[in-house]
Amino acid sequence: MIVYQATKASFSDDVLNDRIETKIHSFFKQNLNRKTGLQEVLSWKNSMQYMDRVLNDPAIPDTCGVSIEFQIPQTSNRIDFILTGRGVDEKEYAVIIELKQWSEATLSTKDAVVNSFVGGRIRECTHPSYQAWSYCALLENFNETIEKDDIQVKPCAYLHNYESDDVIANQHYLPHIEKAPLFLKGEAIKLRDFIKQYVKYGDDRKIMYRIDQGRIRPSKMLADSMVALLNGKPEFVMIDDQKVIYETVLQLSAKASINQKEVLIVKGGPGTGKSVVAVNLLVELTNRGLLTKYVSKNAAPRAVYESKLTGSLKKSVISNLFGGSSAYIESKANQFDTLIVDEAHRLNEKSGLYANLGTNQIKEIINASQCSVFFLDEDQRIHLKDIGSINEIRKWADFAGANVEEMELSSQFRCGGSDGYIAWLDHVLQLRETANQTLAGTGYEFKVFDSPIALRNAILEKNLINNKARMVAGYCWDWKSKNNPAVDDVIIPEFDFSMKWNLASDGSLWIISPQSVHEIGCIHTCQGLEVDYIGVIIGDDLIVRNGEVITNPNKRSKNDSSIRGYKKLLAQDPIDGAKTLDMIIKNTYRTLMTRGMKGCYIFCTDKETLEYFQSII
């Protein structure tokens, strides 16, 4: 999606008449349905004046295309400035320019990472050349038009306030500067010459329009890329905070020792790439000869990843890469170099079938490893026994005498790349107040169906494309088919609708098994995983009355262990107990409704709740 688009001549006119930042902000609000802070508006005003000077050359035609704040498909990331036109070879070119207001920076020993003053404090950031190159790679990976029409994409970075020093152009960053040239204060002519290498004629073929309207490649699924990753083929481009965290873990893993443990806590909401970073780290650390394991309490992600590797690696090798969270009760201290814990919010205190083994899973994991990395989203706690919180991890890290760092992932790669959809969902479920009261500008497909049959038909149709659409439901129906395969579980008689829970036949592999689209999944078999389209049946444990979202644990199935013991909890602590249960039920639906990369379809068993969702979209 393009925020601002014009010819070079129109862009120059907007700058000359002091309306460029106003126009960008207006289109920003109109096209993305978002507001932004004064600082970003001022940065537009400042940087666009510099870009206007760069383009002020008759050899760069007035009919070239100028696109500002182009949102990369399927992500929340935006490219600052793109100039499009044709070259002397008659090929079509798009020159990507990453703009920075920076005036100083300090070196980092991490690959492609530099320290600069951003957002009110010194932060670790990706080097501007790496950022420009990574955005270019993302755009090429997602957009079929670029390949089909042989559009040449050329990235660079322009730091117009930054005077040349031995930091930003340091030899350490040379491999990235070679991929995306760096231009600093006083180098406008050099940037102009770089542009003129590629752009000679105007953009009469509407290059950016075709890219913006072009077909989006199917999104890469992490599970499908496991074999290539382990064979050394990079499948995912690490961008921004992902790259910084990835490099931080590599550094901490190298630094950690039996005398000084290292613990990193990584926060990140749905679709921010927690699992992508975790699995890439597993591969890289293993390749470096470090004893490393991917750990998750939930068996479903491990089962899916392992199934993708079957036939490519020995079973013993696969089992050594993945492990459950309860496997470290009797581990020796510092037995592992690094343990990478995904979905750490799902960790429990006790282990074993009867929750009577061990002391604390967080404590045991930290004890068993020299370096521990915990990826978590506290808003995805969906079980009364979930203890994986930042405070709990910090407590046990301090107990072990470990150094502790805390970082955050924010770039959005699921839900159509829309942070707005996540914020809208939080608003709708009344988890927190947000400014996102509509879905306008999110680019995410959200539909409400009048019947579960219509929902099922829509999911079946989407699944014909690539087997990446599934139905899930709140755990409001008993698992009767476990003992009697002839019966269905999720039954809605007024619609003559019935389906089985997935748990019997496919178990943890439900999300990838070809026939499982005819079964309904639950939170326990989809958390930590993703599909293109998710269909969600909202049961009577979440209803709306007079605009208020109300949760009712009594409507959960007796087979659901996630709130087992809730009556005792309410008896002991009625107020906080009720708040905890409300949070768990809402978090469950928030998690279910963010499994889809491209769309979420829902049906509500309660009529007033259905009408509520219909009214707000």
Practice item. Could you check if a side-chain atom of Leu107 sits within less than 4.5 angstrom of a side-chain atom of Asn115, using non-hydrogen atoms only? Key: no
Exercise for review: Can you measure from CD1 (Ile68) to CG (Asp80) and round to the nearest 0.5 angstrom?
Suggested key: 9.5 Å
Practice item. Taking the side chain as every heavy atom from C-beta outward, state whether Trp44 and His25 have any pair of such atoms under 4.5 Å apart. Key: yes
Revision key, fill the gap. d(Gln242 CD, Leu409 CG) to nearest 0.5 Å is 6.0 Å
Check your understanding: Taking NZ, NE, NH1 and NH2 as the nitrogens, is one of them in Arg595 or Glu530 under 4.0 Å from a carboxylate oxygen of the other?
Key -> no
Practice item. Hey, could you give me the CG/NZ distance between Leu250 and Lys255, rounded to the nearest 0.5 Å? Key: 13.0 Å
Practice item. Using a 4.5 Å cut-off on heavy atoms from C-beta on, say whether the side chain of Met407 contacts that of Thr248. Key: yes
Practice item. Please name all residues satisfying side chain to side chain contact (heavy atoms under 4.5 Å, CB included) with Asn259, sequence neighbours left out, ordered by chain then number. Key: Ser257
**Study point:** Arg86 with Asp203: basic N within carboxylate O range, under 4.0 Å
**Key:** no
Point to revise | Pair Glu40 + Arg78, salt bridge at N-O below 4.0 Å | key: yes
Review point. So, Asp13 versus Asn17: side-chain donor-acceptor pair below 3.5 Å or not?
Key: yes
Point to revise | Tyr328-Phe336 aromatic ring centre distance below 6.0 Å | key: yes
Check your understanding: Does Arg346 come within less than 4.0 Å of Glu343, counting only side-chain N to carboxylate O?
Key -> no
**Study point:** Residues forming a side-chain hydrogen bond (donor to acceptor under 3.5 Å, both in side chains) with Thr126, sequence neighbours excluded
**Key:** none
Review point. Under the 3.5 angstrom rule, does the side chain of Ser47 hit a backbone N or O of Ser43 as a donor-acceptor pair?
Key: yes
Exercise for review: Report yes if the side chains of Ile340 and Thr338 come closer than 4.5 Å at any heavy-atom pair, otherwise no.
Suggested key: yes
Point to revise | Interatomic spacing from CG in Asn367 to CG in Asn360 - rounded to 0.5 Å | key: 11.5 Å
Point to revise | Glu104, CD: over 12 other non-hydrogen atoms inside 6.0 angstrom | key: no
Review point. Counting only heavy atoms not in Lys45, do more than 12 fall under 6.0 Å of its NZ?
Key: no
Review point. Listed by chain and number, what are the ring-ring contact (aromatic ring centres under 6.0 Å, His included) partners of Tyr135, not counting sequence neighbours?
Key: none
**Study point:** Sequence-distant partners of Phe194, ring-ring contact (aromatic ring centres under 6.0 Å, His included), two or more places apart
**Key:** Phe183, Tyr198
Check your understanding: Are any non-hydrogen side-chain atoms of Asp342 and Val295 less than 4.5 angstrom apart?
Key -> no
Revision key, fill the gap. Quick note, ring pair (Phe, Tyr, Trp, His ring centres under 6.0 Å) partners involving residues 256-297, not counting sequence neighbours, are Tyr294-Tyr305, Tyr294-Phe322
Exercise for review: Just jot down the side chain to side chain contact (heavy atoms under 4.5 Å, CB included) partners of Asp14, sequence neighbours excluded, or say none.
Suggested key: Tyr4, Arg19, Ile20, Lys23
Check your understanding: Going by heavy atoms in the side chains, are Val66 and Gln5 under 4.5 Å from each other?
Key -> no
Point to revise | Pairwise side-chain contact, Ile82 with Ile97, heavy-atom cut-off 4.5 Å (strictly under) | key: no
Review point. Salt bridge (Lys or Arg N to Asp or Glu O under 4.0 Å): which pairs involve residues 163-182, sequence neighbours left out?
Key: Glu163-Lys185
Check your understanding: Asp337 side chain to Leu291 main-chain N or O, any donor-acceptor pair under 3.5 Å?
Key -> yes
Check your understanding: Are Tyr246 and Asn280 close enough that some pair of their side-chain heavy atoms sits under 4.5 Å apart?
Key -> yes
Check your understanding: Who are the ring-ring contact (aromatic ring centres under 6.0 Å, His included) partners of Tyr130, not counting sequence neighbours?
Key -> Trp133, His176
Exercise for review: Using the salt bridge (Lys or Arg N to Asp or Glu O under 4.0 Å) rule, collect all pairs that involve residues 363-379, keeping only residues at least two apart or in two chains.
Suggested key: Asp377-Arg590
Check your understanding: Under the side chain to side chain contact (heavy atoms under 4.5 Å, CB included) test, which residues partner Ala400, sequence neighbours left out?
Key -> Lys261, Ile366
Point to revise | Contact summary for Met238 and Ser134, nearest pair of heavy atoms | key: O-CB, 4.1 Å
**Study point:** Partner of Tyr173 by side chain to side chain contact (heavy atoms under 4.5 Å, CB included), out of Ile168, Leu182, Val114
**Key:** Val114
Point to revise | Pairs touching residues 118-134 that satisfy salt bridge (Lys or Arg N to Asp or Glu O under 4.0 Å), sequence neighbours left out | key: Lys110-Glu124
**Study point:** Lys243 and Asp111 ion-paired at < 4.0 Å
**Key:** yes
Review point. Are the side chain of Glu392 and the backbone N or O of Ser389 linked by a donor-acceptor pair below 3.5 Å?
Key: no
**Study point:** Parallel, tilted or perpendicular, as decided by the 30° and 60° cut-offs, for the rings of Tyr50 and Tyr158
**Key:** perpendicular
Check your understanding: Taking only residues two or more places apart in sequence or in another chain, which ones pass side chain to side chain contact (heavy atoms under 4.5 Å, CB included) with Ala132?
Key -> Glu98, Pro155, Ala180
